[in-house]
Engineer: 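Below you will find the structure I want to go over with you.
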Amino acid sequence: MTEATVTDGTIALRNLEAQIEGLQPEAALCRAPVDERVRLIDLLALRGSILGTIADYERAQELADRLVHGAITAAPAFFARAQTRALFHRFADALEDLEVAERLGADADVVNRERAAVFQGLGRYEEAFAIREEAAHRSPSFESLGALTTLHAERGDTERAVRLHAESVRRYRGISPLPLATLNFQLGVMWMREGDFDRARDQLTAARRYVAAYVPAQGHLAEVEAELGDAESAVELIALHPQAFADHAADFWLGAGAEPEKALRLAHMNFAIRKTPRARALLSRAVAVCEGASA
């Protein structure tokens, strides 16, 4: 499939940084209009997803909470907070905020699209499909078809996901590489789940061609290279941003890398940053492997 012609990924990230820096001062003082603060929240969440920076997610959530408290009748404030809550898997809270946003006059189609994302996060796939298929049928676009692509990818319907991906890219009219990289990344994760590491590498490499600094893509690509027997490439990828994907690095050193002490250090780092059940389980596994090796 031919890749779209878009802005260089490094330039796109610089533009993103400039937009964030331009909006930060007024937002910090709560003087910016609601729409500008919502824009800043969206941009921080986007940067967080590309660079793997939890701090951006946390800042976005903080701004969204402050925005709701200062604009309790503004639908965009509740919609923005719903999105940030979903980032941290607070799905029930996100659905409540979406209901409030809709009551306050938010566009029903926009709210439903976000509901579909929350339903997908909850594993309520039939409800997510109902919304996303209707949206794609009514208005086939990169956004609607791309959202449906990610849903089929998560369900393991690889054939349908690949077809939808091709069609969504064909309809892309933007110049930013970030949405395209994100979609390639999702397909890469799909192929990893399927155990098809060659295709996973193709998609993750494509994501990095769009945006070389796409940190989650680097982390997953390191896992793929390790699975394919290229440990040297995996180490180089992990070394670029060890903190951002300490979990992937720890998995690597527990497995193909065969250095459990290094894995333990990274697992501790990962747990200090995230403190999620997965991070706790990874740390416990690293501790067990290290104890077993010393015994």
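All figures in this text were calculated on a predicted structure; none of them were measured in a lab.
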Engineer: Work out which heavy atom in Ile50 is nearest to a heavy atom in Pro216; give both atom names and the distance.
Structural biologist: O-CD, 3.2 Å
Engineer: Of all heavy-atom pairs between Val34 and Pro76, which one has the smallest distance, and what is that distance?
Structural biologist: CG1-CB, 4.2 Å
Engineer: Hey, quick one: are Phe142 and Ile131 part of the same hydrophobic cluster, counting side-chain heavy atoms closer than 4.5 Å, chains of contacts allowed?
Structural biologist: no
Engineer: May I ask you to decide whether Asp202 forms a salt bridge with Arg199, counting only side-chain N to carboxylate O separations under 4.0 Å?
Structural biologist: no
Engineer: Determine yes or no for a side-chain-to-main-chain donor-acceptor pair under 3.5 angstrom, with Ser168 supplying the side chain and Leu145 the backbone.
Structural biologist: no
Engineer: Do Gln83 and Ile41 touch side chain to side chain, with heavy atoms closer than 4.5 Å?
Structural biologist: no
Engineer: Under 4.0 Å between a side-chain nitrogen and a carboxylate oxygen: does that hold for Glu167 and Arg170?
Structural biologist: yes
Engineer: Taking Phe119 as the starting point, is it possible to reach Phe78 by hopping between hydrophobic residues whose side chains are less than 4.5 Å apart?
Structural biologist: no
Engineer: Should Leu87 and Leu95 be counted in the same cluster of Ile, Leu, Val, Met, Phe, Trp and Tyr side chains packed under 4.5 Å apart?
Structural biologist: no
Engineer: Looking only at non-hydrogen atoms, find the nearest pair between Ala128 and Ala116 and report the distance.
Structural biologist: CB-O, 3.6 Å
Engineer: Please confirm whether the backbone N or O of Ser141 pairs with a side-chain atom of Arg171, one donor and one acceptor, at under 3.5 Å?
Structural biologist: no
Engineer: Go through His165 and Met190 one step at a time and tell me if the side chain to side chain contact (heavy atoms under 4.5 Å, CB included) criterion holds.
Structural biologist: CA-CA 12 Å; His165 176 236; Met190 174 189 76; over 6 Å; no
Engineer: Could you walk me through whether Phe197 and Glu225 satisfy the side chain to side chain contact (heavy atoms under 4.5 Å, CB included) test, starting with their C-alpha distance in whole Å, then the side-chain angles of each, then the deciding distance to 0.1 Å, before giving a yes or no?
Structural biologist: CA-CA 8 Å; Phe197 296 108; Glu225 296 291 7; over 6 Å; no
Engineer: How long is the span from the CD1 atom in Ile175 to the OG1 atom in Thr5, to the nearest 0.5 Å?
Structural biologist: 12.0 Å
Engineer: Under a 4.5 Å side-chain heavy-atom rule over Ile, Leu, Val, Met, Phe, Trp and Tyr, are Val100 and Phe91 clustered together?
Structural biologist: no
Engineer: Pair Arg160, Asp157 - check salt bridge (charged side-chain N to carboxylate O under 4.0 Å, His left out), show working.
Structural biologist: CA-CA 6 Å; Arg160 182 72 172 142; Asp157 185 353; 5.6 Å; no
Engineer: With rounding to the nearest 0.5 Å, note down the distance linking CG in Leu51 to CD in Gln218.
Structural biologist: 9.5 Å
Engineer: Shared ILVMFWY cluster between Val189 and Leu178, side chains joined below 4.5 angstrom?
Structural biologist: yes
Engineer: With a 4.5 Å heavy-atom cut-off, do Gln120 and Thr150 have their side chains touching?
Structural biologist: yes
Engineer: Identify the heavy atoms of Ala200 and Val224 that sit nearest to each other, and give their distance.
Structural biologist: CB-CG2, 4.0 Å
Engineer: Hey, can you tell me if Tyr214 and Phe185 have their rings parallel, tilted or perpendicular (30° and 60° cut-offs)?
Structural biologist: tilted
Engineer: If you define the side chain from C-beta out and look only at heavy atoms, does anything of Leu283 sit under 4.5 Å from Leu264?
Structural biologist: yes
Engineer: Which pair of heavy atoms, one from Gly156 and one from Glu194, lies closest together, and at what distance?
Structural biologist: CA-OE2, 3.8 Å
Engineer: If you measure from the Lys or Arg side-chain nitrogens to the Asp or Glu carboxylate oxygens, is any gap between Glu36 and Arg39 under 4.0 Å?
Structural biologist: no
Engineer: Could you tell me whether the side chain of Phe88 reaches within less than 4.5 Å of the side chain of Asp93, counting heavy atoms only?
Structural biologist: no
Engineer: Quick one: CG on Asn15 to CG on Asp8, what's the gap to the nearest 0.5 Å?
Structural biologist: 10.0 Å
Engineer: May I ask you to test the Thr7-Ser176 pair for a side-chain heavy-atom distance under 4.5 Å?
Structural biologist: no
Engineer: Is it the case that the side chain of Glu102 and the backbone of Ala75 share a donor-acceptor pair, with hydrogens and angles ignored and the cut-off at 3.5 Å?
Structural biologist: no
Engineer: Flag yes if more than 12 heavy atoms outside Arg14 fall under 6.0 Å of its CZ atom; otherwise flag no.
Structural biologist: no
Engineer: Hey, could you give me the CG/CD1 distance between Leu44 and Ile20, rounded to the nearest 0.5 Å?
Structural biologist: 4.5 Å
Engineer: Within this structure, what is the CE-CD distance for the pair Met192 and Glu223, rounded to the nearest 0.5 Å?
Structural biologist: 4.0 Å
Engineer: Hey, is Arg47 close enough to Glu17 for a salt bridge, meaning N to O under 4.0 Å?
Structural biologist: yes
Engineer: Arg132 and Ala147: which non-hydrogen atoms are nearest, and at how many Å?
Structural biologist: NH1-O, 3.3 Å
Engineer: Take Arg66 and Glu62, measure what side chain to side chain contact (heavy atoms under 4.5 Å, CB included) needs, and give me the verdict at the end.
Structural biologist: CA-CA 6 Å; Arg66 288 167 55 186; Glu62 176 193 352; 3.5 Å; yes
Engineer: Quick one: do His152 and Leu148 satisfy side chain to side chain contact (heavy atoms under 4.5 Å, CB included)? Show the steps, please.
Structural biologist: CA-CA 6 Å; His152 280 285; Leu148 198 52; 3.8 Å; yes
Engineer: I need the Glu99 CD to Arg115 CZ distance, nearest 0.5 Å.
Structural biologist: 6.0 Å
